[in-house]
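Report on the structure given below.
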Amino acid sequence: MTNAEIKEMATKYIINTYGERQIALVKGEGAYVWDADGKKYLDFVAGISTVNIGHCHPNLAKAIAEQAQKLIHVSNLYYIEPQARLAKRIIELSFADKCFFCNSGAEANEAAIKIARKYTKEKINPNKYEIITMYKSFHGRTMTTITATGQEKYTRENRWRAF
Ligand SMILES: Cc1ncc(COP(=O)(O)O)c(C=O)c1O
């Protein structure tokens with residue numbers, strides 16, 4: 001499929017939460033990506049800096065393929081060894097004592113807000129519950145993180161929350 005064909009299909013079947021985009025990416029290698037018309041780009045975006053590890057490193061592709069042949073999704077009702085091992089590794093390399101795993105930036109910010117409020121309520125002062133965020137910031141698209149986002153275009157669309 002071409003960029004235009006993928007765009008047409010996506011526009012028809014996916015809710016328009018992210019606005020119009022010009023290209024569809026189909027493959028990557030290291031710091032480069034290619035669109036559906038075969039044009040090559042240097043990927044400065046890196047998933048908005050969430051996955052700065054390049055595209056399709058053979059070791060990563062092998063690890064994903066091996067896991068895909070063992071077990072796919074099992075929910076958080078169970079422990080899984082790779083998650084426990086990843087948490088241990090992150091803790092060993094960071095300042096923290098525990099990990100919280102989630103699926104998006106909005107969930108991470110939402111969790112950070114809840115943890116800060118709980119900690120402050122229990123350990124510091126129950127009346128100190130307000131979170132201060134920056135003007136022109138962006139924190140995600142859940143109700144809480146939209147509220148924390150200091151941009152009128154998000155809060156204007158979100159005005160009904162006051163009712
Ligand atoms: C600074 C910042 N916070 C939060 C988010 C929300 O992340 P997600 O879209 O994964 O929920 C983004 C996403 O662009 C972001 O750039």
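Start at 1 with the first residue, then count along the sequence. Every number for a ligand or one of its atoms is a count from 1 in the order of the listing. Values reported hereafter were calculated over all heavy atoms of this structure, with side chains retained and with hydrogens, waters and symmetry mates removed.
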Apart from I124 itself, which Ile, Leu, Val, Met, Phe, Trp or Tyr residues share its cluster (side-chain heavy atoms under 4.5 Å, direct or through members)?
Y119
Please give me the minimum heavy-atom distance between C102 and A108, naming the atom from each residue.
SG-N, 3.5 Å
Restricting to salt bridge (charged side-chain N to carboxylate O under 4.0 Å, His left out), what partner residues turn up for K114, sequence neighbours left out?
none
Can you tell me which residue among V33, D37, I6, N3 is in a side chain to side chain contact (heavy atoms under 4.5 Å, CB included) with I23?
N3
What closest approach, in Å, do V74 and I80 show between heavy atoms, and which atom pair accounts for it?
CG2-CG2, 3.7 Å
Just to be sure I understand the cut-off, which residues have at least one non-hydrogen atom under 4.0 angstrom from an atom of ligand 1?
I48, S104, G105, A106, N109, F138, H139, G140, R141
Suppose we screen for side chain to side chain contact (heavy atoms under 4.5 Å, CB included). Which residues come up paired with K98, at least two apart in sequence or across chains?
none
